[in-house]
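Here is the structure we will look at.
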Amino acid sequence: MIELGRKQILYVDHKTDFGVYLCELRNIGKKDGECILLPRKQVPVECEKGDPIEVFVYKDSQDRPIATTNMPKVTLGELAVLEVLDVTKIGAFLDWGLEKDLLLPFSEQVVKVKKGEKYLVGLYVDKSERMCATMKVYDFLRTDGKYKKDDVVHGIVFGKNPEYGVFVAVDSLYNGMISKKEMVRELRIGEEVEARVTEVRDDGKLNLSLREKGHIQMDIDSVKIMQKLSDNEGFLPYHDKSSPDQIRQEFGMSKNEFKRAIGRLYKNRKITITDKGIELV
């Protein structure tokens, strides 16, 4: 069976003025065998009946199944990060490497997408037998990665939950999450991140953090505070009684991280701490 949305090897059945018709090997020469057109401009030079050709099968602008030797950036059931070429009344159109752009319906968007931005999407066939993209990619993700604790990984944000945190597709393939307490800044859907694996759960899903290990993170936070002090004439109106929201907004760290860092700086006699704030020594 010729499969829509997949790469496959098909065989030349017969030629016409506008291309060649391809079919499965077992159907060559059969009048009732299923065949599909490969347009003339993509037909290999000097191909003959029975020759194998690797193609991708999709639908053209008139919704007719057609073969192409051009390979798309995503195939059925897979994920890829694709760029939005246009946003119209029926949805967004994405660049997936073929002549006919890929539709991302409004119903399959988890945020309002923008032209020129890139998002993680999966490819599926809708009820009308059209190939479409979806940003609802949770069920596409795998949990059989070979990651281990403290590995640094690359991923893209595909979902957010105000109670739990953000969901990340590690290497655009594996299921990961950055919990609310591990976020040091606001993340948007479609944003690429580098994170550290804090735990590989029993179900294979990855718990992630934007922070380094504790002692390394304290060094980073201390340097950040010293730089901000230097940029503000040696004084900042923040201390261990400042609110967590103020600390996160100003320094991009939790209040506990801030307290640990200024505690280290105070112990090393780099700063003084008063009820008005912190100051360089």
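Everything numeric here is computed off the predicted structure, so don't read it as measured data.
In this structure Glu186 satisfies the side chain to side chain donor-acceptor pair (under 3.5 Å) test together with Lys160, sequence neighbours excluded. In terms of the side chain to side chain donor-acceptor pair (under 3.5 Å) criterion, Asp101 has no residue partners (sequence neighbours excluded). With sequence neighbours excluded, the residues that form a ring-ring contact (aromatic ring centres under 6.0 Å, His included) with Phe56 are Trp96. Residues that satisfy the salt bridge (charged side-chain N to carboxylate O under 4.0 Å, His left out) test with Asp144, not counting sequence neighbours, are Arg142. Here Lys180 pairs with nothing under the salt bridge (charged side-chain N to carboxylate O under 4.0 Å, His left out) rule; sequence neighbours left out. When the ring-ring contact (aromatic ring centres under 6.0 Å, His included) test is applied to His239, no partner is found at least two apart in sequence or on another chain. Legend: residues meeting side chain to side chain donor-acceptor pair (under 3.5 Å) with Glu279, ordered by chain and number and at least two apart, are absent. Residues meeting the side chain to side chain contact (heavy atoms under 4.5 Å, CB included) test with Cys132, sequence neighbours left out: Leu103, Pro105, Tyr124, Asp126, Arg130. His154 pairs by the side chain to side chain donor-acceptor pair (under 3.5 Å) definition with Glu192, not counting sequence neighbours.
Other residues, nucleotides and ligands place no more than 12 heavy atoms under 6.0 Å from the CZ atom of Arg269.
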In a table with atom names and distances, give each donor-acceptor pair under 3.5 Å that connects a side chain of residues 110-122 to protein atoms at least two apart or in another chain.
residue	atom	partner	partner atom	Å
Tyr119	OH	Lys114	N	3.2

Could you pull out every donor-acceptor pair under 3.5 Å between side chains of residues 78-88 and any protein atom, sequence neighbours left out?
residue	atom	partner	partner atom	Å
Glu78	OE1	Thr75	N	3.2
Glu78	OE1	Thr75	OG1	2.7
Glu78	OE2	Thr75	OG1	3.1
Thr88	OG1	Ile90	N	3.3
Thr88	OG1	Gly91	O	3.0

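Between the side chain of Glu182 and the backbone N or O of Ser179 there is no donor-acceptor pair closer than 3.5 Å. Proximity of a side-chain donor or acceptor of Arg40 to a complementary backbone N or O of Asp17 within less than 3.5 Å is detected. Gln8 contributes a side-chain N or O that, together with a main-chain N or O of Glu3, makes up a donor-acceptor pair within less than 3.5 Å. Remark: the backbone N or O of Thr69 is paired with a side-chain donor or acceptor of Gln42 at under 3.5 angstrom. Between the side chain of Asn232 and the backbone N or O of Phe235, no donor-acceptor pair lies under 3.5 Å.
The side-chain heavy atoms of Asp151 and Arg196, taken from C-beta on, include no pair separated by under 4.5 Å. The closest side-chain heavy-atom distance from Val125 to Leu76 is below 4.5 Å. Looking at Ile36 and Leu10, their side chains come closer than 4.5 Å, going by heavy atoms from C-beta outward. Counting only heavy atoms from C-beta outward, the side chains of Tyr58 and Ile66 approach each other to under 4.5 Å. Contact check for Leu208 versus Thr198: no side-chain heavy atoms found under the 4.5 Å cut-off. With contacts defined as side-chain heavy-atom distances shorter than 4.5 Å, the pair Phe93/Leu102 does not qualify. Proximity of Val193 to Val166: side-chain heavy atoms (C-beta onward) are nowhere separated by under 4.5 Å. Within the 4.5 Å cutoff, no side-chain heavy atoms of Asn27 are placed close to those of Cys35.
Of all non-hydrogen atoms in Leu104 and Ala133, the two that sit nearest each other are CD1-O, 3.2 Å. Here the shortest heavy-atom pairing between Thr143 and Tyr174 reads N-CD2, 4.4 Å. Residues Gly5 and Met131 come closest through the heavy atom pair CA-SD, 3.2 Å. Residue Met177 comes nearest to Tyr164 through the heavy atom pair SD-CB, 4.3 Å, listed as atom of the first residue, atom of the second, then distance.
Using a 4.0 Å cut-off between charged side-chain N and carboxylate O, Arg248 and Asp245 make no salt bridge. A salt bridge between Asp203 and Arg201 is present, with a side-chain N of the basic residue lying under 4.0 Å from a carboxylate O of the acidic one. Under the 4.0 Å criterion applied to side-chain N and carboxylate O atoms, Glu99 and Lys41 are assigned as salt-bridge partners.
Side-chain heavy atoms closer than 4.5 Å link hydrophobic residues (I, L, V, M, F, W, Y) into clusters, and following such links, possibly through other members, connects Leu187 to Val168. Under the 4.5 Å side-chain heavy-atom criterion for ILVMFWY residues, a single connected hydrophobic cluster contains both Met71 and Leu94.
Pairs of residues two or more places apart, or lying in two chains, that qualify as salt bridge (Lys or Arg N to Asp or Glu O under 4.0 Å) and include a residue from residues 47-68 are Asp60-Arg64, Asp63-Lys100.
In this structure, Gln249 CD and Ser243 OG are separated by 9.0 Å, a value rounded to the nearest 0.5 Å. For the atom pair CG (Asp139) and CG (Asn175), the distance works out to 9.5 Å, reported to the nearest 0.5 Å. Between the CD1 atom of Ile53 and the CD1 atom of Ile9 there is a distance of 9.5 Å, given to the nearest 0.5 Å. With rounding to the nearest 0.5 Å, the separation of CZ in Phe167 from CD1 in Ile178 is 11.0 Å. Atom NZ in Lys73 sits 13.5 Å away from atom CG in Leu123 (nearest 0.5 Å). Separating the NZ atom in Lys181 from the OG atom in Ser209 is a distance of 9.5 Å, to the nearest 0.5 Å.
Between Phe251 and Tyr238, the ring center distance clears the sub-6.0 Å criterion.
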For Glu108 and Lys136: C-alpha separation, side-chain torsions, deciding distance, then whether side chain to side chain contact (heavy atoms under 4.5 Å, CB included) applies. CA-CA 6 Å; Glu108 296 299 323; Lys136 300 172 184 177; 3.7 Å; yes
Determine whether Val197 and Asn207 satisfy the following criterion, side chain to side chain contact (heavy atoms under 4.5 Å, CB included), listing intermediate values before the conclusion. CA-CA 6 Å; Val197 177; Asn207 287 339; over 6 Å; no
Show your working on side chain to side chain contact (heavy atoms under 4.5 Å, CB included) between Leu22 and Tyr11 and close with a plain yes or no.
CA-CA 5 Å; Leu22 307 175; Tyr11 297 82; over 6 Å; no
TODO: For side chain to side chain contact (heavy atoms under 4.5 Å, CB included), just list the numbers for Tyr147 and Asp171, CA-CA rounded to whole Å, side-chain angles, deciding distance to a tenth of an Å, and then say yes or no.
DONE: CA-CA 11 Å; Tyr147 306 100; Asp171 291 333; 2.5 Å; yes
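Between the side chains of Asp231 and Gln227, a donor-acceptor pair is found at a separation under 3.5 Å.
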